[in-house]
Amino acid sequence: MTVRVRIAPSPTGDPHVGTAYVGLFNWLYAKKHGGQFLLRIEDTDQVRSTPESERSIMRAMKWLDLAYDEGPDIGGPCGPYRQSERTEHYRKHTQLLLDKGAAYRCFCTDERLGLMRERQKAAKLPPGYDGLCRSLSKEESDRRAAAGEKFVVRMKIDKSGKTIVKDVLRGDIEFSHVEIDDQVLMKSDHFPTYHLANVVDDRLMGITHVLRAEEWISSTPKHVLLYEAFGWPAPVFCHLPLLRNADRTKISKRKNPTSLDWYRAQGYLPEALINFLALMGFAPAEGEGSEIFDRAQLMARFDLDKISLGGPVFDLTKLEWLNGEWIRRLPADVLAERIVAWIANDGPAELRASAPPLDFVKKVVPLIQERMKKLSEWDEWTDYFFKESVVLTKEAFRRAKLPPPQLAAVVTACADLLAPHGEIVPTRDEPALRELAGKLGVKVGDLFMALRVAITGKSATPPLLESMALLGAAKSVARLRAAAKFLAESDPGEL
RNA sequence: GGCCCUAUCGUCCAGCCUGGCUCAGGACAUCGCCCUCUCAAGGCGGAAACACGGGUUCAAAUCCCGUUAGGGUCACCA
């Protein structure tokens, strides 16, 4: 039997990091076993589903390279892959359940249901449908439906039994039927609920393994009962732990960035996000060595029983580190291309408007590659290359630890030394500047700090001489002169 | 609250199934040192955990029970 798994997001907002997490494990499992990975859009909530959300989900899956074998945009043998286009299947299967007596129409109004819940709450009874419409005769049910009365279809649960859910990671989980509500299967708009659509589609699409989030565990007995009612074998269930906020609640928008679009806009590499998500679930390394893994390595090491069950706290700090690792591992030219593409597609508007040319980015990349943790840091590391002049502050010069008049003299001396050259040559000019520091009686570090601030406006930058070389001798010298002027006009007592 | 799931350093993960080799290993973060024109990167080192209580056993992080804690779920949302 070939493995068929799926990811079934509902298109009701930004593409969620949890979708990527569950998607990754499904993808790994499918590919490891030579099976298929499908994307099914669960848009049965007519109020909240949007086409934009669906598009952004598919775009995010492509960004992460979690390629699906079948899906709404590429089709496949079990289509359509959008539940809103499969209503005939659900209608037919609901009728089947009705005919078998495994489900019944419920004509209760929202008002009555609301009242019922209030009373249950007041009486401290477990909430759930009270079963009023269970006893309706077939004749009455048919008559009222035919008369156009609004109804939903509910699952008829035999309250005396119990159902065992077999979970790959947790073993048998037992649920007594008294805890299982007569779940709505078909809403009054004749769209199915998740429970029905999910079971029918998984069956019709030949899904063999359901790897989904842990939050589904408590509704799984309903699904198992549905498979039984239809007379179908149930797929293998495997519930994945939920990603958590720092306070250990289920990961949420308010407490964590959850949108995959945000990660892309921040300049995280898809390779790094995937690597990170994998690390949240299992340990590919068996304890030793590197934690950097590409797709092929993950696939080779992945297995369902290696998934750890504790809900992992989503730790952005570690993701940043991993992203830096991946950035450093990229060939310099590739990084340059990624940066240019990121600016063009995801960069802030101002940056897009004055996007640097690829060949210049390629020259800058060697200076920043090991410093950069995210592509979005491009601008803060390199802005001084693109400005006509740099903003100088006394605050920035303070790290050179010399009074302004002396600083001015040092900067001027450096400018004089470099001015005759048409270009800056680090191997020649750096030793010359060191020697100059000795002659002037200042520390080498202080001299370079003074230059650094004069050239870039800040005290933490990529390598100085290389930066000046790229900037060009003329601009460099001009900035030194400007700095000397600024310093000469500063309060002489200022440290 | 009922039901269900989970429980090793601040965080992620290993060890647990097949008890002893573990006064528990790796990674991120953190602290210190080295390297160094800054910032990084890199190297070296430090601090840091088996939730608690009972069993079982010659021996338990590892097996069993309970407690506690955290989480999920109880919709005509998925």
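Note on naming: letters A, B, ... go to the chains in the order of the sequence lines (proteins, then strands), and numbering restarts at 1 for each one.
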* May I ask you to say what A:Q369 touches in the nucleic acid, namely base, sugar-phosphate or nothing, with a heavy-atom cut-off under 4.0 Å? => nothing
* Give the C-alpha distance, both sets of side-chain angles, the deciding distance and a yes or no for salt bridge (Lys or Arg N to Asp or Glu O under 4.0 Å) between A:K443 and A:D446. => CA-CA 5 Å; A:K443 286 185 185 167; A:D446 290 342; 5.2 Å; no
* Asked: Under 3.5 Å, is there a donor-acceptor pair between the side chain of A:R371 and the main chain of A:L367?
  -> yes
* To do: Send over the distance from A:L447 CG to B:U38 C1', rounded to a whole Å.
  => 13 Å
* Quick one: label A:P312 by what it contacts on the DNA or RNA (base, sugar-phosphate, nothing), any heavy atom closer than 4.0 Å. => sugar-phosphate
* To do: Report which part of the nucleic acid A:Q46 touches: base, sugar-phosphate, or nothing (heavy-atom distance under 4.0 Å, all strands).
  => nothing
* Structure fact -> Listing for RNA chain B: consecutive Watson-Crick or G-U pair runs of at least 3, distance cutoff 3.5 Å, ranges ordered by first number, gives B:1-7 with B:68-74, B:10-13 with B:25-28, B:30-34 with B:42-46, B:51-55 with B:63-67
* To do: Check side chain to side chain contact (heavy atoms under 4.5 Å, CB included) between A:T94 and all other residues, then give those that pass, not counting sequence neighbours.
  => A:L98, A:V153, A:M186, A:L196
* **Non-neighbouring partners of A:Q406 that pass side chain to side chain contact (heavy atoms under 4.5 Å, CB included), sequence neighbours left out** => A:L402, A:P403, A:V442
* **Interatomic distance, A:K306 NZ vs B:C17 P [rounded to whole Å]** => 18 Å
* What integer distance in Å separates A:D305:CG from B:G15:C1'? -> 15 Å
* Whole angstrom value for the distance that separates C1' of B:U30 from CG of A:D315 -> 13 Å
Check: protein-nucleotides 60-66 of chain B nitrogen or oxygen pairs below 3.5 Å:
none

* Asked: Rounded to whole angstrom units, what separation is found between the NE2 atom of A:H239 and the P atom of B:C5?
  -> 12 Å
* For the pair made of CD1 in A:I180 and P in B:G2, what is the distance, rounded to whole Å? -> 18 Å
* Hey, which of these two, A:E174 or A:G281, hits RNA chain B nearer its 5' end, going by closest nucleotide? -> A:E174
* A:T317 near the nucleic acid: base, sugar-phosphate alone, or nothing, with a heavy-atom cut-off under 4.0 Å? -> sugar-phosphate
* Tell me: NZ of A:K443 to P of B:U38, nearest whole Å? -> 12 Å
* Asked: Hey, does A:L279 reach any base, or is it just sugar-phosphate, or nothing, if we go heavy atoms under 4.0 Å?
  -> sugar-phosphate
* To do: Starting at the 5' end of nucleotides 72-78 of chain B, put B wherever the base has a protein heavy atom under 4.0 Å, S where only the sugar-phosphate does, and a dash everywhere else.
  => SSS-BBB
* Structure fact -> Residue pair A:K373/A:L319 against RNA chain B: nearer the 5' end by closest nucleotide is A:L319
* Asked: Is there a donor and acceptor pair closer than 3.5 Å between the side chain of A:K318 and the base of B:A29?
  -> no
* Is there a donor on the side chain of A:R170 or the base of B:C5 sitting less than 3.5 Å from an acceptor on the other? -> no
* Asked: In whole angstroms, how far is the P atom of B:U36 from the CE atom of A:M449?
  -> 16 Å
* Quick one: list whatever passes side chain to side chain contact (heavy atoms under 4.5 Å, CB included) with A:V477, sequence neighbours left out. => A:A415, A:L418, A:A419, A:R481
* Just call it for A:S308: base, sugar-phosphate, or nothing, with non-hydrogen atoms closer than 4.0 Å on any strand. => sugar-phosphate
